[in-house]
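Since we're looking at a predicted model, the values are computed, not measured. In this chain, residues are counted from 1 in sequence order. First listed ligand is number 1; within each ligand, the first listed atom is number 1.
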Amino acid sequence: MAVIDVALAGRAYDVTIEAGLLDRIGEWATDYLPAPDRKVPFVADTNTHRIFAERVDKALNSAGHTADWFVVEPGEGAKSWAVLERLTDWLLALGVTRSDRVFALGGGVVGDLTGFACAVMKRGCGFVQIPTTLLAQVDSSVGGKTAINTGAGKNLIGAFHQPSAVLIDPLVLNTLPDRDMRAGYAEVIKYGALGDIGFFEWLEKNAADVLAREPVALSHAIATSIRAKAKIVAEDERETTGVRALLNLGHTFGHALEAETGFSDRLLHGEAVALGMVLAARYSARREEMTAVDADRVETAIAASGLRSKITELQMRCNGERLVDHMRHDKKMESDHLPFLLLKGIGAAYMARNVALSDVAAFLDAELERA
Ligand code: GLY
């Protein structure tokens with residue numbers, strides 16, 4: 001078992017990583033329920049409900065509790081005003097108070113939606129994240145970013161609202177499709193690439209074991225990732241000093257690729273981040289800020305995990321200017337420029353503020369030809 005403290009004054013919480021935790025969720029509910037006769041509000045999507053609800057119900061019942069379930073359709077469509085309205089109405093009807101904890105059982109969509117609903121529920125009630133994808137375990141469940149999407153873009157309406165606890169059972173990943181496992185793994189590599197060369201080297205040797213869900217390797221990868229994220233969040237909770245922005249390594253390029261592929265199953269978010277990290281590394285090498293050898297290492301680590309590492313593999317019909325145009329709509333765009341996360345080496349990400357978008361477009365034109 002590993003317990004990682006997210007050290008935020010007044011809002012500190014633990015991330016607990018423990019194999020089999022889901023079957024002991026009743027004990028956690030007891031800790032987080034204000035009154036034992038209350039039902040425990042659980043939000044899930046139809047997939048996590050189908051796979052885990054029976055076990056959760058059994059674990060809760062054996063501790064004397066009952067779950068009340070709010071189940072949404074899987075996918076980004078659930079992060080909408082309409083679903084938020086239904087969820088908040090449901091929580092109000094349940095009589096949820098500020099000191100209650102709402103449990104979010106699922107991936108990033110369920111976590112983001114539930115977190116945002118709890119941020120606005122009676123001006124803020126508690127919630128507990130039980131992430132069921134690797135991506136949610138190592139990234140979205142920790143750090144308090146919550147949001148829904150609107151027609152204008154993804155995650156544009158949201159709040160920073162920290163969970164009361166994050167409960168991670170690595171065994172739940174045994175039912176995660178391999179593609180989603182790999183997509184989450186991209187965010188794991190990100191922690192090595194952005195700030196920890198030792199972890200990056202460990203991943204170069206142990207990727208296959210992590211992806212095969214070998215328990216010791218997997219728990220180490222999850223715990224190391226969360227430790228890195230917890231440290232960054234504790235330093236810069238609201239992304240104001242530039243420290244938390246380091247977590248966006250690969251995201252600016254990745255966002256453009258997601259936009260060009262229609263935010264669809266053609267390219268999952270983690271897959272876009274993987275390609276975006278390769279592009280950030282190669283662009284850093286083009287600017288002679290990191291060596292071509294290190295940029296190749298980033299690409300090799302991504303490709304070795306079965307993720308696409310060249311944008312030609314996406315078979316997009318576009319040019320660099322069009323991809324840069326997507327970046328101009330990125331919410332990180334400042335008044336006249338876009339800060340870029342680049343690398344001075346593996347484990348040494350930094351925010352470049354002097355990037356000319358015309359140069360990025362020329363670079364992407366070359367990448368779109370690279371076989
Ligand atoms: N996923 C990036 C962050 O939490 O800041």
Heavy atom of Lys229 under 4.0 Å from ligand 1?
yes
Can you confirm whether or not the ring centre of His255 sits under 6.0 Å from the ring centre of His269?
no
For residues Phe340 and Phe253, establish whether the separation of their ring centroids is below 6.0 Å.
yes
Output all residues satisfying side chain to side chain contact (heavy atoms under 4.5 Å, CB included) with Arg266, sequence neighbours left out; order by chain, then residue number.
Thr261, Ser264, Met316
Around atom 5 (O) of ligand 1, find the nearest protein heavy atom and jot down its residue, atom name and distance.
Arg244 NE, 2.7 Å
For Lys190, is at least one N or O under 3.5 Å away from an N or O on ligand 1?
no
Please confirm whether Asp139 comes within less than 3.5 Å of ligand 1 when only nitrogen or oxygen atoms on both sides are compared.
yes
Would Arg317 and Glu260 pass as an ion pair if we require N to O under 4.0 Å?
no
